[in-house]
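First the structure, in the form of structure tokens, and then the observations on it.
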Protein chains: 2
Amino acid sequence: MTYCIGVSLDAGLVLTSDSRTNAGIDNVSTYSKMHRCMTTPDRMLVIMSAGNLATTQSVIQQIRRDVQEGAPRNVNTLNYLADVAEYLGDVLVAKIRKHTEQTGFVPDATLILGGQILGRNPNIYMIYPQGNYITTSDDTPYLQIGESKYGKPVLDRFLTRETSLEDAAICSLISMDSTMKSNASVGPPIEMMIYSRDQVNNPKHYRFDAENPYLISIRHEWANQLNHAFRAMPRLEEHAHPNGGLHIF
Amino acid sequence: MTYCIGVSLDAGLVLTSDSRTNAGIDNVSTYSKMHRCMTTPDRMLVIMSAGNLATTQSVIQQIRRDVQEGAPRNVNTLNYLADVAEYLGDVLVAKIRKHTEQTGFVPDATLILGGQILGRNPNIYMIYPQGNYITTSDDTPYLQIGESKYGKPVLDRFLTRETSLEDAAICSLISMDSTMKSNASVGPPIEMMIYSRDQVNNPKHYRFDAENPYLISIRHEWANQLNHAFRAMPRLEEHAHPNGGLHIF
């Protein structure tokens with residue numbers, strides 16, 4: 001599996017992805033799932049992918065070709081991020097359909113597009129295998145693809161539009177670490193892109209492998225803090241009382 | 001959906017369940033998913049259920065009838081907890097198969113059996129819709145059914161065989177609360193049974209509705225502590241460094 005998080009904040013974007021792919025439990029590899037598009041200088045576009053690796057590679061290749069060959073519709077000719085999402089959806093559906101028609105196998109994949117076209121707000125979109133897409137809202141400033149459930153509570157707890165880029169980055173790393181702890185199909189290296197609004201030429205890219213000192217310090221400190229938090233919980237026996245007993249059937 | 005946790009400790013058992021059922025998002029009800037069997041005084045047996053409500057109700061009814069009618073094989077005639085799990089599996093499969101054969105619809109359900117037969121250790125089993133079952137291990141002292149992913153990280157972090165009953169209860173409440181925060185299909189009241197080894201006549205039963213002061217205090221204090229923990233994380237900008245940038249395709 002995979003786990004990717006896209007966070008859309010007033011201050012910009014934070015995109016995070018793991019790097020583990022597997023075709024069966026005995027065929028585990030490391031592939032980057034974060035792809036920055038070659039674009040004109042007025043925009044910054046990053047695509048994260050979950051699902052069938054052949055599909056996502058062929059989508060990325062098609063997007064590149066459309067730029068190189070000057071196709072009328074490519075990531076540089078579209079003027080709205082939503083139109084780029086629509087275009088990605090069309091490419092994605094075409095790649096999935098080709099293989100479905102040939103073999104009956106449906107090589108599904110899901111994408112997150114994050115970026116900005118200057119003059120408009122930065123934003124993120126999740127593109128479904130069916131080609132349609134959603135964006136964030138003020139109440140839910142993030143999108144996830146892949147193994148999203150383990151790491152969702154910490155995002156729900158801390159992320160708002162007003163969260164700083166750095167806090168959202170730390171929150172995403174904690175979410176990723178919790179997921180890796182509970183699910184063996186999500187693994188390092190972790191890639192992260194921190195993008196400050198309007199700085200299209202300067203997205204900061206981080207790569208945390210399993211031995212990265214900062215990733216380890218986040219993991220240890222979070223575990224320490226949670227142990228401390230757990231010890232501070234109000235005690236059950238002092239504050240709660242058993243009732244008459246469970247109905248016996 | 002549903003969320004139930006069974007924890008098997010050296011000191012005894014902690015069983016926790018939510019009470020929300022839904023048949024579609026517009027048909028939400030409250031049903032207890034924790035059922036204590038009527039047994040002989042040498043044993044204490046509790047069943048938690050997830051999945052199709054008609055199936056779980058008909059399973060519970062069949063178990064009760066087998067006791068009342070003195071069937072040769074019932075929850076009181078079996079001498080090992082594993083045999084009780086096997087029996088529950090057979091009842092479960094029979095109920096599911098009946099409806100599958102009649103309509104093609106497969107009304108799946110999954111059970112957790114927790115309890116003790118005096119003279120043996122307390123234990124828990126998870127019984128699959130296929131009738132087979134698993135128990136815990138020293139490394140993984142808990143089992144979950146239903147919406148299990150959101151609340152798994154906190155269990156992985158804190159539970160060992162040596163954990164006290166009270167700590168396991170608090171951990172289970174936090175796991176349940178995180179799940180309710182992230183998934184609307186899991187909801188209060190929360191039921192909890194705390195069972196001390198060999199005290200077959202005295203399992204303590206708690207019921208926490210949405211307004212229960214202790215549940216609210218756990219929720220608030222955990223949120224406070226996590227906020228504190230989050231503030232204490234080592235800062236990204238001080239300790240991590242962006243690399244040369246993301247490969248552009």
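All values below were derived from every heavy atom in this structure, side-chain atoms included, with hydrogens, water molecules and symmetry-related copies excluded. A note on names: the letters A, B, ... follow the listed sequences, proteins ahead of strands, and every chain is numbered from 1.
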Most heavy-atom pairs under 4.5 Å with chain B, out of Cys171(A), Ser148(A), Pro234(A), belong to Pro234(A)
Contact list (residues 54-64 of chain A to chain B, heavy-atom gap under 4.5 Å, by number) returns Ile60(A), Ile63(A), Arg64(A)
Okay, Arg231(B) and chain A: the region with an atom under 4.5 Å from a heavy atom over there is side chain
Among residues 208-217 of chain B, those lying within the under-4.5 Å heavy-atom range of chain A are Phe208(B), Tyr214(B), Ser217(B)
Pair count under 4.5 Å, heavy atoms only, with chain B: among Arg157(A), His239(A), Met192(A), Lys204(A), highest is Arg157(A)
Answer key: most heavy-atom pairs under 4.5 Å with chain B among Pro203(A), Ala232(A), Ala169(A) is Ala232(A)
### Minimum side-chain heavy-atom gap Phe230(A)-Ile170(B) below 4.5 Å
yes
Q: Evaluate side-chain contact (heavy atoms from CB on, under 4.5 Å) for Glu237(A) paired with Ile194(B), printing each intermediate quantity in order.
A: CA-CA 11 Å; Glu237(A) 287 170 11; Ile194(B) 301 181; over 6 Å; no
Query raised in the report: Does CZ belonging to Arg207(A) count more than 12 external heavy atoms closer than 6.0 Å?
Result: no
Side chains of Met233(B) and Ile174(A): closer than 4.5 Å at any heavy-atom pair? yes
What one should report as the nearest heavy-atom pair of Lys152(A) and Tyr150(B) is CD-CE2, 3.8 Å
Answer key: most heavy-atom pairs under 4.5 Å with chain A among Gln68(B), His228(B), His241(B) is His241(B)
Show me the donor-acceptor pairs, under 3.5 Å and distance only, between side chains in residues 220-227 of chain A and residues at least two apart or in other chains.
unit_1	atom_1	unit_2	atom_2	d
Glu221(A)	OE2	Gln225(A)	NE2	3.0
Asn227(A)	ND2	Ala223(A)	O	3.3

Among residues 177-188 of chain B, those lying within the under-4.5 Å heavy-atom range of chain A are Ser178(B), Lys181(B), Ser182(B)
To the nearest 0.5 Å, atom NE2 of His205(A) lies from atom CG of Asn243(B) at 5.5 Å
Any side-chain heavy atom of Arg235(B) sitting closer than 4.5 Å to one from Asp167(A)? yes
Residue Arg65(A) excluded, over 12 heavy atoms near CZ under 6.0 Å: no
